[in-house]
Amino acid sequence: MMASIGSITIYIILITTMFALVTALIGKQTGQQWLTISSRTATLFSSLVTVISAAILLYALIISDFNFAYVADYTSYDLPLIFKVSALWAGQSGSMLLWLLLLSVITFLLQVSQRIRQQADDIILLSLLNLIRLIFIVFILALDSPFLTLKEIPSDGVGLNPILQSFEMVVHPPFLFLGYSGFAVPFALVSSSLLKRDDADWASSSRPWILFSWLMLTVGMVTGANWAYSESGWGGYWAWDPVENASLFPWLTSSALLHTLILQRQNRGMKLWNYLLISATFMLTIFSTFITRSGVIDSVHGFNDTEVGEYFWGVIIVIMIFTVYLLFSRFHQLKDESRELKFFSKETGLIITNILLMMIFIGVFIGTIFSLISPWFLGRRGTVDQMFYNQVTIPLWLSLVFLLGVCPVLNWRQTERKRIMGRLIIPIAVEVVTGILLLLQLTDNWLALLSLSSAAFGVTVILQDFVIDCCYYKFKYDLRLLVTPGRCFRHGRKRYGAYIIHLGIIVILIGITGSIFKTELTTVIDPGERFRLGLYTLKYTGLIPEYTDRYIGVSAQMEVYRGDRFEGTVRSEKLFYPQYSQPVTRVGILGNLREDICFTLVGWKEDRAQIQIILHPLTIWVWIGSYLLYLGIVVILWPNRKLKK
């Protein structure tokens, strides 16, 4: 019964969305106000029914209603509640319903937004969002519905794949899909503006959504990386897998967009380029779904559904045709006035930043689809390894970090060379000294030297800029020393929010650089036996069996010492679930600001264990840098009290 109601809700969503589109079109052509009102009402009703549809599936998952094929495939009676909830997005049809739900909520928020309603033709914006929602409605109805039922109801469900039963996989997909959904709004905003032949400031109205979506996508990528690091057991957090790269694509293009959007908002051009970046970012969210679900590129994370791949490939082609149509038919609206560009200026710095990010994107994109295009010129299907990605991206990332340090000292239009050199003397000196100290005390690896010294340069520029601003406010307004930083921060909140983001990028680079010094040991060991790795002495204490209603587990424990000091105990598990042939490995991690000790139980015979120990230097700084990214976006998006008043 409940599954039938769920299926009916999808048909209702389809009918009301189509009704909203038709009445909007006729109302726009005839000018009859009651039709546009009907369109808005239908959109609201469609969004509400989408919430009800998702709630039905979620309730079925929670109560383990195995009439639903989806519920039987992804839950079981003994599955903890939190994982029953996360099963909503564990499967293909459920994740598509989640995406539709998020788009519907966003559409509702835009529809009730006073700023959007003040626009005379907001109906075009809502229609575009309804068309995007229609992509997922048709998918659910025609290709994969979560409301299909079973003829024979099983006594229990299969359960959720144990490797997905972690906190990171509870939050990773929703944040990722929220980022994808959010990027539909800038695309709809700019497209509706062009369709209306309106010169509205779509750059300003799009910016908060781009920032929000960028933040959500960042959180999704970081939680996914954290899951790979702590749960998958392969010894890393990023493997340049095609599905990982697919989420990186819109992140890179939206990062480039955020920089050139500043130029448009400052009336310094780039309107055409920003339109292309907004369109490309939205298309890449669909393309990432195509890669994940089509199986055209081998991936450890992907599905293998040719029919789904063909559907999303068709969607991408339609979006491309629409984008090209607007480009040529509204080219005069996108054309900028020619402006003189000085090399030593903030405009040039932002454009070069944009170029570097796009070069990283192109390199990663080519590497990801290389297996598809290689037959055209190699005559066979080839692949690229991690070395390719590292060789392509590392020089560009280092150049980008250096540019992050240079841009704050540049002025708009033109900057005197004396000012640039004066502001860069101290950062360059810090960079040189850092490089020398690293060379003498730590390493002669040129890549690590260049990376860490560039990071020191970037951090020094940001701190120096803040100190200079504090000094300015201190003497201009005769403020107390303790009050000055707060006053300074309030006056330049958005600029310092960007600085915090840049600082986060630099800190992440420091953490990634630590992987150069990663050391690894795989050995067979008996209880009570000790061995050394790096500065640590590790003692294997033995195996501990564990029996529960859901699984049988075996864990191994290691005591970790640094010299004579006891650092802690690290534990790794292998869990055997009766319905799965492969065990799940839980990695034990004992970390500090300097390095992580990652311990994996590979196998055992009686009390003797085969273990793997990996020392990951500086990895925690990857996560710290990510938190700085989150903080920076929150600072930028935080409402301005003065403006609110």
Side-chain angles (χ1 to χ4, degrees), residues 76-84 86 158-172 223-237 239 300 518-562 565-592 595-616 619-620 623:
S76 58
Y77 279 120
D78 61 352
L79 190 68
L81 177 61
I82 185 64
F83 298 129
K84 287 185 177 182
S86 68
V158 175
L160 186 65
N161 191 326
I163 202 169
L164 301 180
Q165 296 181 34
S166 66
F167 171 76
E168 289 82 9
M169 291 309 291
V170 170
V171 299
H172 162 65
T223 51
N226 199 285
W227 168 80
Y229 185 63
S230 60
E231 297 288 339
S232 62
W234 60 271
Y237 45 81
V300 296
K518 182 174 74 171
T519 56
E520 181 177 337
L521 173 67
T522 301
T523 186
V524 176
I525 192 169
D526 292 310
E529 190 175 341
R530 296 171 180 257
F531 64 94
R532 288 186 59 83
L533 183 63
L535 300 175
Y536 299 95
T537 300
L538 297 99
K539 178 184 177 182
Y540 169 52
T541 59
L543 298 174
I544 303 173
E546 182 180 1
Y547 302 94
T548 70
D549 295 335
R550 299 177 57 232
Y551 61 81
I552 297 174
V554 176
S555 63
Q557 286 196 161
M558 302 285 294
E559 293 179 353
V560 181
Y561 298 86
R562 184 169 181 179
R565 187 178 65 189
F566 176 67
E567 295 286 336
T569 300
V570 61
R571 175 175 174 172
S572 175
E573 299 176 300
K574 277 198 181 294
L575 308 179
F576 295 84
Y577 290 79
Q579 62 270 51
Y580 292 94
S581 58
Q582 295 295 323
V584 175
T585 301
R586 303 291 190 205
V587 181
I589 300 175
L590 182 64
N592 51 47
E595 59 198 347
D596 286 353
I597 301 173
C598 296
F599 168 43
T600 304
L601 174 62
V602 179
W604 68 92
K605 185 175 182 180
E606 296 179 349
D607 284 338
R608 200 175 200 204
Q610 182 183 9
I611 61 171
Q612 180 190 59
I613 302 289
I614 303 177
L615 292 184
H616 281 283
T619 299
I620 194 173
W623 319 127

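One distance of note links CD1 of Ile525 with CZ of Phe531; it measures 5.0 Å at 0.5 Å rounding. Ser230 OG to Glu168 CD: the interatomic distance, rounded to the nearest 0.5 Å, is 4.0 Å. In this structure, the separation between CZ on Arg571 and CE on Met558 is 14.0 Å, given to the nearest 0.5 Å. With values rounded to the nearest 0.5 angstrom, Ile613 atom CD1 is found 9.0 Å from Thr522 atom OG1. Within the model, atoms CG of Leu590 and CD of Glu559 stand 12.0 Å from one another, a figure rounded to the nearest 0.5 Å. In this structure, the separation between OG on Ser166 and CZ on Phe83 is 6.5 Å, given to the nearest 0.5 Å.
Side chains of Tyr577 and Gln582: a donor-acceptor N/O pair is absent below 3.5 angstrom, by distance only.
For the pair Lys84 and Leu79, the tightest heavy-atom approach, listed with the atom from each and the gap, is CE-O, 3.2 Å. Taking both residues in full, the closest heavy atoms of Cys598 and Val587 are given as CB-CG1, 4.2 Å, listed atom of the first, atom of the second, then distance. When all heavy atoms are compared, the tightest approach of Glu606 to Leu543 is O-CD1, 3.1 Å. Heavy atoms only, all atoms of each residue included: Arg530 and Thr537 are closest at NH1-CG2, 4.2 Å. Scanning all heavy atoms of the two residues, the minimum distance from Ala609 to Tyr540 falls at CB-OH, 3.5 Å. Smallest separation of non-hydrogen atoms from Val554 and Leu601: O-CD2, 3.8 Å.
Checked by atom type and distance alone, the side chain of Asn592 pairs as donor or acceptor with a backbone atom of Glu595 at under 3.5 Å. Under the 3.5 Å distance criterion, the side-chain polar atoms of Ser572 are matched with a main-chain donor or acceptor of Arg586. Panel note: side chain Gln165, backbone Leu160; a donor-acceptor pair is recorded below 3.5 Å. Between the side chain of Thr548 and the main chain of Arg550, a donor-acceptor pair closer than 3.5 Å is present. Panel note: side chain Trp604, backbone Ile611; no donor-acceptor pair is recorded below 3.5 Å.
Taking the side chain as every heavy atom from C-beta outward, Thr585 and Thr600 approach each other to under 4.5 Å. Side-chain contact check for Lys518 versus Leu615: every heavy-atom pair is 4.5 Å or farther apart. Ile589 places none of its side-chain heavy atoms less than 4.5 Å from the side chain of Ile597. Looking only at side-chain heavy atoms (C-beta outward), Glu520 and Gln612 come within less than 4.5 Å of each other.
No more than 12 heavy atoms of other residues, nucleotides or ligands shown are found within 6.0 angstrom of CD1 on Ile552.
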Legend entry - Chi angles and distances behind the side chain to side chain contact (heavy atoms under 4.5 Å, CB included) call for Ile163, Trp227: CA-CA 9 Å; Ile163 202 169; Trp227 168 80; 3.7 Å; yes

Inset, instruction - Could you give me the CA-CA distance, side-chain angles and deciding distance for His616 and Tyr237, then say whether ring pair (Phe, Tyr, Trp, His ring centres under 6.0 Å) is met? - result: CA-CA 11 Å; His616 281 283; Tyr237 45 81; 7.2 Å; no

Inset, instruction - Check the pair Ile82, Val170 against side chain to side chain contact (heavy atoms under 4.5 Å, CB included), reporting the backbone distance first and the verdict last. - result: CA-CA 8 Å; Ile82 185 64; Val170 170; 4.1 Å; yes

Legend entry - Evaluation steps, ring pair (Phe, Tyr, Trp, His ring centres under 6.0 Å), between Phe576 and Tyr551: CA-CA 5 Å; Phe576 295 84; Tyr551 61 81; 9.8 Å; no

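Geometrically, Arg532 does not engage Tyr561 in a cation-pi contact defined by less than 6.0 Å to the ring centre and at most 45° from the axis.
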